[in-house]
Amino acid sequence: MNKITTLVLSVSAFVCLSGQQQMSLQDCELAFQKNNLQVLAAQYNINMADADIIQAKIWELPQISGYVNAYNPEDKRAFDVGRAKGAEITQLIYLGGKKKNEIQFAKSNKELSQLQFNQLLVDLRSQLRETYYNLIYEQKKQISIDGQLKYMNELLAAYKIQTDKGNISLKDYVRLQSIVIQLNNDKIEINNNILAFQQNMKILTGNSNNILPNISKLDENDILISQPFGDLEILKEKALVNNADYLYNLRLIENSKLFAQWQKSLNTPDLNLGAEYDQNSGTFRNEINLKVGIPIPLWKVNKGNVEKAKYAIQQNEKNSEYQKLNLETQVESAYQTWKNQYDQYFELKPVDVENLNTVYNGILKNFRSGNISLMDFTDFLESYRQTVLQIYEMKKQIMISAEQLNQLVQTKIFY
C-alpha cells in the first residue's frame, strides 16, 4: 500500500511539473518572435501596403466598343450588318503626374506600416521583459513567504495545544495568529499576481505551459548594476533618432505632403486617346479615325480635397511637435524613475542583506531557546516580512524602469 501511495504521489508531482517550463529570457523572446499572434497578424499590414503599391501602378483598362446596323430604312432590312458597322478603342492617359504621385503616396504608406509594426514589436517585447522580471521577483517573494508561513503554522499549532491546556494565554496565541493571517494575505496576493503574469506570458510567447523564469544570480546582478550610456540629453537625442512612434509622426508629415501633391494633380484633366473604324457612316467608306478627348478645365474638380490635404499637413506638423515634446518628457521621467530606484536599492550594501538573513536565523534560534520574548519575536518577524518584500520590489522596479527607458529610446543604452 505504501508503494502504491508513493507511486500516486510521484505521478501527481510529475503532472504538476509537466504544466511548467523553465525558460530563460532569451528563450521567451525567441518564442515571442515565432509564436506571438499579434506580431504575426500585424505583419500582414505590410503585405497589404505592398499590394496597395501594386494597385497604384495599374492603369485603367482600354475600352473597346462597336456598333452594327439595327434597321436599314432604305432597304427595309433589319440587322444589315454587311453594309453598316463600326468599332473603336480608347485608352485613358493620365496627365499631371497622377500615377507617379499615387505610387509615391502608396510607398509612403508602406513606410508608415513598417514603423507601426516596429513600434508594436518594441511595445510587446518590453511587455514580455517586464512580465518576465515581475515573475522572477513575485516567485522569490512566494518562496520567502512560504518559508515564513511554514514555520509560523507549525509554531501556531504548538501554541494552540498549549493554549487549550491553559499553559499559554489566548492573547499570545492571537498575536501569532495575526501574523499568520497577514502572511496568508501576502501569499494570496502574490499568487494572484503570478497567475496574471503567467497568463500574460502565455499570450506573449504562445506557450501553453506556465513559465518558470531561469536566471542566474550573476545575470541578475549584471542587469541590476548596469547603467545607461550617456547623460539625459544624449538619451533624448537617441530617442528622437530611434523611437518608431516618433518617426511615424515625422513620416506622417511627408506622407500628407505626398497626398496633397497627389490630390493637386487630380485637378489636371486626363486624356482619352483612341482609334475608330467606320464602314459606311462617315465621310469616307471604311475610314479609320484618331479620337482625342479631354475634359474642359472650367473649374478645379478636386479643389476641396486639395484644401483638406493642406490642413492635414499643418495638423501633422503640430502633432509632430507635440510628440517630440512628449517623447523628451517621457524619457526624462523614465530616466529619473530608474535613477531613483537604482539609488534607493544601492544604498543597501550586500552585507546589509546578509545581516538581515543572519539576524532572522538568529532570532528563530533564540526564540526556540526561550531567549527572546514573544513580543520581540513577532515585532521582528513583521519587520522582516516587510523588508524582504520591499527588497524584492526594489530589484524588480530597477529592471522594469530600465526596460521602460529602453522602450522609449529603442537602442542599446545599458552597458
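When reading the values below, keep in mind they use all heavy atoms of this one structure, side chains included, and skip hydrogens, waters and symmetry mates.
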Between [X] and [Y]: side-chain donor-acceptor atoms closer than 3.5 Å:
| X | Y | answer |
| --- | --- | --- |
| Gln261 | Gln104 | no |
| Gln119 | Asp123 | yes |
| Gln116 | Asn45 | no |
| Asn47 | Gln43 | no |
| Asn305 | Asn302 | yes |
| Ser216 | Glu220 | no |
| Gln279 | Asn286 | no |
| Ser126 | Glu403 | yes |
| Asn289 | Glu276 | yes |
| Ser265 | Asn101 | yes |
| Asn340 | Thr337 | no |

How about [X]: does its [atom1] atom have over 12 heavy atoms from other parts shown lying under 6.0 Å from it?
| X | atom1 | answer |
| --- | --- | --- |
| Glu154 | CD | yes |
| Lys257 | NZ | no |
| Ile296 | CD1 | no |
| Tyr322 | OH | no |
| Trp59 | CH2 | yes |
| Tyr71 | OH | yes |

Closest contact, heavy atoms only, [X] versus [Y]:
| X | Y | result |
| --- | --- | --- |
| Ile288 | Tyr277 | CG1-CD1, 4.3 Å |
| Lys202 | Ser208 | CE-O, 3.4 Å |
| Leu156 | Tyr173 | CD1-CE1, 3.4 Å |
| Ala334 | Leu405 | CB-CD1, 3.8 Å |
| Gln148 | Tyr360 | CG-OH, 3.8 Å |
| Leu235 | Pro228 | CD1-CB, 4.3 Å |

Salt-bridge criterion met for [X] and [Y] (N-O under 4.0 Å):
| X | Y | value |
| --- | --- | --- |
| Asp343 | Lys339 | yes |
| Glu102 | Lys99 | yes |
| Lys236 | Glu328 | no |

Kindly assign one of parallel, tilted or perpendicular to the pair Phe105 and Phe259, based on the angle between their ring planes and the thresholds 30° and 60°.
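Rings of Phe105 and Phe259: tilted, as their planes differ by 30° to 60°.
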
Quick one: pull up [atom1] in [X] and [atom2] in [Y] and give me the separation to the nearest 0.5 Å.
| X | Y | atom1 | atom2 | value |
| --- | --- | --- | --- | --- |
| Ser144 | Leu389 | OG | CG | 6.5 Å |
| Gln177 | Asn184 | CD | CG | 10.5 Å |
| Asn406 | Ile413 | CG | CD1 | 4.5 Å |
| Leu121 | Leu124 | CG | CG | 7.0 Å |
| Ile223 | Ile215 | CD1 | CD1 | 4.0 Å |
| Thr358 | Ile363 | OG1 | CD1 | 11.5 Å |

Side chain to side chain contact (heavy atoms under 4.5 Å, CB included) against Tyr342, all qualifying residues, sequence neighbours excluded:
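Expected list: Gln227, Trp338, Phe346.
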
Taking side chain to side chain contact (heavy atoms under 4.5 Å, CB included) as the definition, give me every residue that meets it alongside Ile54, ordered by chain and number, with sequence neighbours left out.
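Partners of Ile54 by the side chain to side chain contact (heavy atoms under 4.5 Å, CB included) criterion come out as none, since no residue qualifies.
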
Evaluate Leu40 against Asn36 for side chain to side chain contact (heavy atoms under 4.5 Å, CB included), listing each step before the verdict.
CA-CA 6 Å; Leu40 295 175; Asn36 186 273; 5.9 Å; no

[X] side chain vs [Y] backbone, donor-acceptor pair below 3.5 Å:
| X | Y | answer |
| --- | --- | --- |
| Asn191 | Lys187 | yes |
| Gln198 | Ile211 | yes |
| Asn214 | Gln22 | no |
| Asn361 | Asn357 | yes |
| Ser320 | Asn316 | no |
| Thr329 | Leu325 | yes |

Could you tell me whether the side chain of Glu130 reaches within less than 4.5 Å of the side chain of Met399, counting heavy atoms only?
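Not in contact.
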
Does any non-hydrogen side-chain atom of Ile194 lie less than 4.5 Å from one of Gln142?
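With C-beta onward as the side chain, the pair touches.
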
For the rings on Phe377 and Phe367, is their centre-to-centre separation under 6.0 Å?
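Judged by ring-centre distance (under 6.0 Å), Phe377 and Phe367 do meet the cut-off.
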
Working note: Gln127 + Asn200, criterion side chain to side chain donor-acceptor pair (under 3.5 Å); need CA distance, chi angles, decisive distance, verdict.
CA-CA 9 Å; Gln127 187 179 346; Asn200 199 20; 3.2 Å; yes

Which residue pairs pass the side chain to side chain donor-acceptor pair (under 3.5 Å) test when at least one of the two sits in residues 386-396, sequence neighbours left out?
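Of all non-adjacent pairs touching residues 386-396, those that pass side chain to side chain donor-acceptor pair (under 3.5 Å) are Asn134-Lys396, Glu138-Lys396, Lys141-Glu393, Glu382-Gln386, Glu393-Lys396, Glu393-Gln397.
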
Who passes salt bridge (charged side-chain N to carboxylate O under 4.0 Å, His left out) against Lys57, sequence neighbours left out?
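With neighbours one apart ignored, the set is empty.
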
Listed by chain and number, what are the side-chain hydrogen bond (donor to acceptor under 3.5 Å, both in side chains) partners of Ser281, not counting sequence neighbours?
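Partners of Ser281 by the side-chain hydrogen bond (donor to acceptor under 3.5 Å, both in side chains) criterion, ordered by chain and then number, come out as Tyr67, Asp278.
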
Qualifying salt bridge (Lys or Arg N to Asp or Glu O under 4.0 Å) pairs, either residue in residues 42-55, two or more places apart:
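Pairs touching residues 42-55 that pass the test: Asp50-Lys110.
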
For a side chain to side chain donor-acceptor pair (under 3.5 Å) check, start with the C-alpha distance between Asn272 and Gln91, then their side-chain angles and the critical distance, and finish with the verdict.
CA-CA 6 Å; Asn272 274 295; Gln91 174 65 57; over 6 Å; no

Test side chain to side chain donor-acceptor pair (under 3.5 Å) on Asn210 and Gln20 and set out the steps.
CA-CA 4 Å; Asn210 286 332; Gln20 297 179 339; over 6 Å; no

Could you walk me through whether Asn319 and Gln315 pass the side chain to side chain donor-acceptor pair (under 3.5 Å) test, one step at a time?
CA-CA 6 Å; Asn319 284 335; Gln315 182 185 52; 4.8 Å; no

Can you tell which of Lys85, Glu287, Arg285 makes a side chain to side chain donor-acceptor pair (under 3.5 Å) with Asn280?
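For Asn280, the side chain to side chain donor-acceptor pair (under 3.5 Å) check succeeds only for Arg285.
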
